[in-house]
2 protein chains.
Amino acid sequence: MSFRMERPLDELDWRILAELQGDGRLSFKELGRRISLSPPAVAERVRRLEQAGVISGYRAQVEPGRAGYPLTAFVEMRCSLGKCLLKTSRAEDYPEVVEIHKVSGDRCAMLKVRTASLEHFEGVQERLGNHGEIRSTVVLSTQYEGRPVEPPAEDFLRASRSEGWRR
Amino acid sequence: MSFRMERPLDELDWRILAELQGDGRLSFKELGRRISLSPPAVAERVRRLEQAGVISGYRAQVEPGRAGYPLTAFVEMRCSLGKCLLKTSRAEDYPEVVEIHKVSGDRCAMLKVRTASLEHFEGVQERLGNHGEIRSTVVLSTQYEGRPVEPPAEDFLRASRSEGWRR
DNA sequence: CGTGAAACTTGCCAATT
DNA sequence: AATTGGCAAGTTTCACG
């Protein structure tokens, strides 16, 4: 399915990714116009990015707040032995959990949860609590989410880059 | 720009959202076929969902790991007075920060960060540390992320849900 | 909300530079 | 490897029932 990318992404690839992350339904014609390339040329590049798994799909972005889930929270799990959420539950059991990350440290997972209300969240929290200790952080507001993946700084002159990182 | 939805989402709306979250480039014809509705009818519904802000856009999904950012981490900020990240910095200053949430509790923000390496992350952490105390959690692996927004449980028998989640 | 037809746009393939 | 041209297919969108 997912072939390796023989060559790292060049500037044109990144420009394609930038455009497609902004509008995933651009036609090859329009996309080619924006990055100054012919439709067949962009088509081949996009196909290559897809096969390499860099582009994993095209999706409509749904605003959770407008779709009945105004409340977002992070829940860190420190599961008890034999009760680990990851091993005793499945995705269908927790539709409210939209992200699951296994993490370092003494905790075992970081969850992002979306609920319809505080009451709803309370219920989810109780159910998650059956697996072990939990630590919840309720989101008050979100500055941004789903920021596009950008090219590495060293590949381009990026005027806004203020300070370099240590090596 | 963003009008309110006069009526809550009905079953057809949710089926449209499910399909479009699975493939954002479906034609009205194919989309209509899948939910048993005529192309003009779905087009109208989709347009309404867009104008209501439920669908905020269509984007290509880029796999950060395949695009040079294999490392994900969460960083909780407890900013010092007058040095709050949210007030002293701009998005361009931290391209590695892909999410910013203001949160409850004694912390002020939860960040999701993507970097090219541990060294890169170390640098970001140092820079963020200038704003105050930070608490970092490195992601070891991700079960899933970007799970589709689903209809509230009470509205449907969940049997009709067919789309799989990523990973 | 469904159907049908017209017009547009797109994607694809060939040949060329 | 990328550009140009043309053709075929699909899609959108309108008017009407």
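Residue numbers begin at 1 in each chain, while the letters A, B, ... track the order of the sequences. Because the structure is predicted, anything quoted here is derived from the model rather than measured.
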**OP:** Applying side-chain hydrogen bond (donor to acceptor under 3.5 Å, both in side chains), run through A:T88 and A:H131 and close with a yes or a no.
**Re:** CA-CA 9 Å; A:T88 62; A:H131 297 278; 3.3 Å; yes
Original post:
First contact, last contact: which nucleotides of DNA chain C are these for chain A, 5' to 3', heavy-atom distance under 4.0 Å?
Top reply: C:dT10 to C:dC13
Original post:
Would you find more than 12 non-hydrogen atoms of other residues, nucleotides or ligands less than 6.0 Å from A:E122 atom CD?
Top reply: no
Original post:
Which heavy-atom pair separates B:A67 from A:V54 by the least distance, and what is that distance?
Top reply: CB-CG1, 4.3 Å
Original post:
When you measure from every atom of DNA chain C, which of residues 35-43 of chain B have a heavy atom less than 4.0 Å away?
Top reply: B:L37, B:S38, B:P40, B:A41
**OP:** Mind jotting down which residue pairs meet the salt bridge (charged side-chain N to carboxylate O under 4.0 Å, His left out) criterion with at least one end in residues 82-91 of chain B? Sequence neighbours excluded, please.
**Re:** B:R90-B:E92
Original post:
Does any donor atom in the side chain of A:E63 or B:S56 lie under 3.5 Å from an acceptor atom in the other side chain?
Top reply: yes
Subject >> Close side-chain approach of A:S38 and A:F28, heavy atoms under 4.5 Å >> reply: no
Original post:
Could you give all pairs that pass the ring-ring contact (aromatic ring centres under 6.0 Å, His included) test and reach residues 59-81 of chain B, with sequence neighbours left out?
Top reply: A:F74-B:F74, A:H101-B:F74
Subject >> Minimum heavy-atom distance between B:M77 and B:L128, given as atom pair plus value >> reply: CE-O, 3.6 Å
Original post:
Looking just at side-chain N and O atoms, do B:R59 and A:Q21 make a donor-acceptor pair shorter than 3.5 Å?
Top reply: no
**OP:** State the CG-CG distance between B:L9 and B:L17, to the nearest 0.5 angstrom.
**Re:** 5.5 Å
Original post:
Are A:E96 and A:T115 close enough that a side-chain donor and a side-chain acceptor fall under 3.5 Å?
Top reply: no
Original post:
Can you tell me if A:R147 uses its side chain to pair, donor with acceptor, with the backbone of B:V97 under 3.5 Å?
Top reply: yes
Original post:
Which of residues 16-30 of chain A have a heavy atom under 4.0 Å from DNA chain D?
Top reply: none
**OP:** Starting from Watson-Crick (N1-N3 plus N6-O4 or O6-N4) and G-U wobble pairs under 3.5 Å, report the runs of at least three that DNA chain C belongs to.
**Re:** C:2-17 with D:1-16
